[in-house]
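Read the structure below first, then the notes.
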Amino acid sequence: LNSGNGNITLGTVGENEPLLSLTVNSQGQTSLGGNITTNSSGGVNLENASTVQLTDNITINTTSGNGTINLNGGTVDGNFNLELLAVNAEINLGTIGNITPLNNLIVNTTGITTLNGNLTTNNTIDFTQATGGTQLNSNIVITSTNGNILFNNSPITGTGNSLTLNTPGEISLNNVGQEGNELGKLTISNASIVNLFGNIFTNSGLDFSGASTVNIAANSVTLQTRSGNGNINFSNVPIEATTTGNQLILNAGSGDITLGTVGTNIPLNSLSINTSGQTNLGGNIRIYGTNGITFENATNIILTNDVNIDTRLGNGIINFANGTVDGNFNLQLTAGSGNIILSTLGENQALNSLQVETTGITTLDGNLTTNNNINFTQATGGTQLNADVVMNSNNGDIDFNNSPISGTGNNLTLNAPNGNISLDTIGSTGNELGEITTNSNGITRFNRTVNATSLTTNSGGTTELNANITTTGENGQIKVLA
């Protein structure tokens with residue numbers, strides 16, 4: 001059909017006897033008022049129909065001939081349903097619903113679906129049966145004013161192109177981008193729930209801040225922006241698992257990662273944070289599996305709220321081995337019988353308080369600084385020093401009662417100028433600590449045996465020796481000045 005600038009109006013096409021193909025060429029308006037059916041590979045081609053208006057619910061069906069459906073030359077508008085069925089042929093879409101949003105859009109093909117313009121509907125956008133994948137040929141915005149946006153069986157590709165999703169309903173995503181063929185940026189500007197069924201690779205960032213909740217809905221989900229060092233943003237957005245076996249891996253290169261709460265209702269199996277940028281922790285994190293949570297490759301962690309990291313359901317590890325943790329908030333670590341590994345805490349900005357609870361081993365690789373209490377009384381598996389360690393509690397207590405301290409040859413300095421210091425066993429015969437120094441204007445209690453090369457307490461406060469003290473250094477001294 002060729003009309004130049006004239007209009008074309010169609011009702012039902014091929015209902016009883018399908019056409020081989022249908023091609024529409026018009027710079028005027030093409031009005032579709034009925035279903036269209038074809039049975040050859042030529043399919044339905046509206047590529048040169050610049051303005052398409054739906055005047056009824058429409059199904060375009062090319063399944064019997066595996067025909068291509070081309071709607072990529074102009075715009076398609078009208079508050080009606082549009083269903084596209086192409087079996088394993090390509091479907092090419094231009095701008096949909098820009099002037100008058102469609103009611104629903106359903107795409108069904110095992111071939112590739114290409115998007116060349118924005119999609120807007122009043123209700124659902126359903127690509128769950130577009131299993132051949134969806135290719136972005138430009139930056140795309142997909143909006144549903146009242147429905148869901150569903151891509152849970154349709155991987156999305158489009159190297160360098162950005163995708164924005166906007167709906168008050170749910171969003172479901174399969175794989176988005178590929179390693180080496182990353183999208184530009186993925187932005188969730190609005191959603192009640194985002195379900196992630198696959199991995200996401202972008203180079204300019206991932207922004208989930210418009211979502212109310214993000215569900216990890218696959219066994220393992222990787223969110224990766226390291227190719228362009230993009231940020232990963234879950235600010236004030238809870239992350240939940242759909243089952244306790246699901247794990248989440250975040251890789252941001254040198255980009256920032258921002259988290260709110262994780263696993264409040266259904267905990268993740270494990271969580272891995274990898275970035276040399278800043279990791280912002282704004283809520284509690286609960287993990288189910290033995291692999292626990294690892295910040296081993298997160299070098300700069302900032303608390304933006306009180307944070308409780310809890311892995312006791314699966315006795316999982318909590319690993320802060322190679323980074324710093326700062327921020328004037330409370331940090332509580334609870335691991336059941338899992339191990340806890342700490343590096344430097346409070347070096348740039350003191351934590352408010354630190355509480356450690358585990359019957360596993362707690363390992364210290366750096367100094368600890370808080371404004372208030374440092375409490376290891378529930379770290380009953382013992383505390384291992386892997387380096388010389390200085391602990392500073394500016395206004396609170398340092399309490400290791402019930403937590404033996406070991407670490408052959410390593411020095412330990414405890415500073416609690418306005419609080420008390422309580423200690424359990426320190427070192428053992430043949431595995432003595434190095435130099436132990438305590439400074440407190442309150443009470444310093446040595447409740448169990450001490451084995452070290454030397455021991456010095458300051459002149460302020462009171463010192464209680466409630467067990468034997470043994471020093472073994474060549475010039476080993478015990479200096480109790482208070």
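No hydrogens, no waters, no symmetry mates; every other heavy atom, side chains included, goes into these values.
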Within residues 144-153 or reaching into it, pairs that qualify as side-chain hydrogen bond (donor to acceptor under 3.5 Å, both in side chains) - sequence neighbours excluded: Asn122-Thr145
Partners passing ring-ring contact (aromatic ring centres under 6.0 Å, His included) against Phe201 (at least two apart in sequence or in another chain): none
Evaluation steps, side chain to side chain contact (heavy atoms under 4.5 Å, CB included), between Thr258 and Asn231: CA-CA 8 Å; Thr258 300; Asn231 297 332; over 6 Å; no
With sequence neighbours excluded, residues passing ring-ring contact (aromatic ring centres under 6.0 Å, His included) with Tyr288: none
Residue pairs passing the side-chain hydrogen bond (donor to acceptor under 3.5 Å, both in side chains) test where at least one lies in residues 189-204, sequence neighbours excluded: Glu170-Asn195, Ser172-Asn195, Asn195-Asn215
Selection residues 183-207 - residue pairs positive for salt bridge (charged side-chain N to carboxylate O under 4.0 Å, His left out), sequence neighbours left out: none
Side chain Glu182, main chain Gly180, donor-acceptor under 3.5 Å: yes
Donor-acceptor under 3.5 Å (Asn116 side chain, Leu93 main chain): yes
Ring pair (Phe, Tyr, Trp, His ring centres under 6.0 Å): pairs with one or both residues in residues 155-190, sequence neighbours excluded: none
Listed partners of Asn308 passing side chain to side chain donor-acceptor pair (under 3.5 Å), at least two apart: none
Student check: side-chain heavy atoms of Phe320 and Ile293 closer than 4.5 Å: no
Heavy atoms of other groups near Asn402 CG, more than 12 under 6.0 Å: yes
Taking every non-hydrogen atom, the tightest pair across Ala241 and Asn246: CB-CB, 4.3 Å
Nearest heavy-atom neighbours spanning Asn57 and Asn81: OD1-N, 2.9 Å
Listed once per pair and sorted, the salt bridge (charged side-chain N to carboxylate O under 4.0 Å, His left out) pairs that draw on residues 261-271, sequence neighbours left out: none
Residue pairs, two or more places apart or on separate chains, that pass side-chain hydrogen bond (donor to acceptor under 3.5 Å, both in side chains) and touch residues 61-70: Asn61-Thr63, Asn70-Asn92
For Asp310, salt bridge (charged side-chain N to carboxylate O under 4.0 Å, His left out) partners two or more places apart: Arg312
If you look only at distance, which donor and acceptor atoms sit under 3.5 Å apart when one is on a side chain in residues 260-273 and the other is two or more places apart or in another chain?
| from | atom 1 | to | atom 2 | distance (Å) |
| --- | --- | --- | --- | --- |
| Asn265 | ND2 | Glu240 | OE2 | 3.2 |
| Ser270 | OG | Gln247 | OE1 | 3.0 |
| Ser272 | OG | Asn274 | ND2 | 3.2 |

Atom of Ala252, atom of Ile232 and distance for their closest heavy-atom approach: CB-CD1, 4.1 Å
Where at least one partner belongs to residues 19-35, residue pairs that pass salt bridge (charged side-chain N to carboxylate O under 4.0 Å, His left out), sequence neighbours excluded: none
